[in-house]
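Okay, so here's the structure we're looking at.
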2 protein chains.
Amino acid sequence: MNYSISDAATRAGISIHTLHYYEREGLLHVARASSGHRRYTSDDLAWIGILTCLRETGMPIRTMREFAKLVQQDSSNIPERIQILEAHRLEVIEHLAALQHNLEHVEGKIGFYKKVLAQGKTQS
Amino acid sequence: MNYSISDAATRAGISIHTLHYYEREGLLHVARASSGHRRYTSDDLAWIGILTCLRETGMPIRTMREFAKLVQQDSSNIPERIQILEAHRLEVIEHLAALQHNLEHVEGKIGFYKKVLAQGKTQS
DNA sequence: TCTTGTCCTTGAGTGCACTCGAGGTTCTAA
DNA sequence: TTAGAACCTCGAGTGCACTCAAGGACAAGA
């Protein structure tokens, strides 16, 4: 079973344009029908899922390109793939911690405003 | 006590250029010395801290501008301020959940690669 | 066959958040 | 007094990740 680009876009939850873009950027290599139209396999979709996961966690395209390049080669470079993912993992964890920290500040501010509101009401 | 722009930038952990930019964008209004040089008060620095917190949690500049506008007015609009912050809070929480979810995928992938390495087998 | 919708490529455009440069003024320390 | 650092404004430039448009080829149902 394989998929047209619009199927693939729907299933991956990204736009056709983004799929084109990812291919231009060397993140993806998709087989073609005799017509020249792209035919996505379920392996392609799984790989797009990984790309999307990496993007949504903030990995820049250039790093994704490096990773994609390694995956396209043989399995002798798995240690390098792990290295990229581990480095990324640490960045995500840091980002999560920062977000959580800043979220507390936002919530503190909300709490402050609510207190001001409550006091203003009892006064007037 | 007040601060020069370079002091303010250092204390806020952002660049002088970004401070100029934020002021151009209406996020910030700083008093001037007779020379025309900006003089940041500690209130300004606290406000810059809030701005930085909102930015680091992904609030777009245009929303920050709305919020800044409300803060510049009187306290009668505190409910609207709360509304902006609450909406932002929900977005941050969603983003955190998505990040956490995707982080698990990344970790799963790392685990997979490590298993492949341990077994000495090949597969992407 | 015809029509309408999907797909192709290439190159340009968009939006965001900075970031920089030029040309000039002001401050500060020797 | 004077050299050099810090500051000012304004407009342009940058990097990123898309996003779109034009002009043409291909596909599938009536």
Let me know the distance between [atom1] of [X] and [atom2] of [N], rounded to the nearest Å.
X	N	atom1	atom2	answer
B:Glu23	D:dC10	CD	C1'	14 Å
B:Arg39	C:dT26	CZ	C1'	10 Å
B:Ile5	C:dT19	CD1	P	14 Å
B:Asn2	D:dC7	CG	P	13 Å
A:His20	C:dT10	NE2	P	11 Å
B:Asp7	D:dC7	CG	C1'	12 Å
A:Arg32	C:dC7	CZ	C1'	10 Å

(message) Short of 4.0 Å, heavy atom to strand atom, which residues of residues 41-51 of chain B count as contacting DNA chain C?
(response) none
(message) So if I take residues 87-99 of chain B and measure heavy-atom distances to DNA chain C, which residues fall below 4.0 Å?
(response) none
(message) If only side-chain N and O atoms count, and only distance matters, is there a donor-acceptor pair under 3.5 Å linking B:Asp44 with B:Thr41?
(response) yes
(message) Between A:Arg32 and A:Glu23, does any side-chain N to carboxylate O distance fall below 4.0 Å?
(response)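 Yes, charged N to carboxylate O under 4.0 Å.
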(message) Between A:Glu25 and A:Arg62 (salt bridge meaning N to carboxylate O under 4.0 Å), is one present in this structure?
(response)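 A salt bridge is absent here (no side-chain N lies under 4.0 Å from a carboxylate O).
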(request) Describe, in one word, how the ring planes of B:Trp47 and B:Phe67 are oriented to each other, choosing from parallel (under 30°), tilted (30 to 60°) and perpendicular (over 60°). (result) parallel
Working to the nearest 0.5 Å, report the span between [atom1] of [X] and [atom2] of [Y].
X	Y	atom1	atom2	result
B:Arg24	B:His17	CZ	NE2	10.0 Å
A:Tyr40	A:Ser4	OH	OG	9.0 Å
A:Glu91	A:Thr63	CD	OG1	7.5 Å

(message) For the backbone of A:Ser6 and the side chain of A:Thr10, can you confirm whether one donor and one acceptor N or O come within less than 3.5 Å of each other?
(response) yes
(request) Check whether any side-chain N or O of B:Asn77 sits under 3.5 Å from a backbone N or O of B:Leu70 as a donor-acceptor pair, and report yes or no. (result)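 Confirmed, B:Asn77 side chain pairs with B:Leu70 backbone.
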Indicate whether OP1 or OP2 belonging to [N] is found under 4.0 Å from a side-chain N or O atom of [X].
X	N	value
A:Tyr22	D:dA17	no
B:Ser4	D:dA6	no
B:Arg38	D:dC7	no

Side chains of residues 49-58 of chain B: which donor-acceptor partners sit under 3.5 Å, not counting sequence neighbours?
unit_1	atom_1	unit_2	atom_2	d
B:Thr52	OG1	B:Ile48	O	2.8
B:Arg55	NH1	B:Met59	O	2.8
B:Glu56	OE1	A:Asn102	ND2	3.2
B:Thr57	OG1	B:Cys53	O	2.8
B:Thr57	OG1	B:Leu54	O	2.9
B:Thr57	OG1	B:His88	NE2	2.7

Cut-off 3.5 Å, no hydrogens considered: what does the side-chain donor-acceptor table look like for residues 106-116 of chain A, sequence neighbours left out?
unit_1	atom_1	unit_2	atom_2	d
A:Glu107	OE2	B:Arg89	NE	2.7
A:Tyr113	OH	B:Arg81	NH1	3.2
A:Lys114	NZ	B:Glu86	OE2	2.9

(request) Specify the residues of residues 55-69 of chain B, ordered by number, for which at least one heavy atom lies under 4.0 angstrom from an atom of DNA chain D. (result)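 Result for residues 55-69 of chain B: none.
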Give me, pair by pair, the N or O atoms of the protein and of nucleotides 19-26 of chain D that are less than 3.5 Å apart, along with how far apart they are.
unit_1	atom_1	unit_2	atom_2	d
D:dT19	O4	A:Arg24	NH2	2.9

(request) Would you check if A:Ile82 and B:Leu117 make a side-chain contact, meaning some heavy-atom pair closer than 4.5 Å? (result)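 Yes, their side chains come closer than 4.5 Å.
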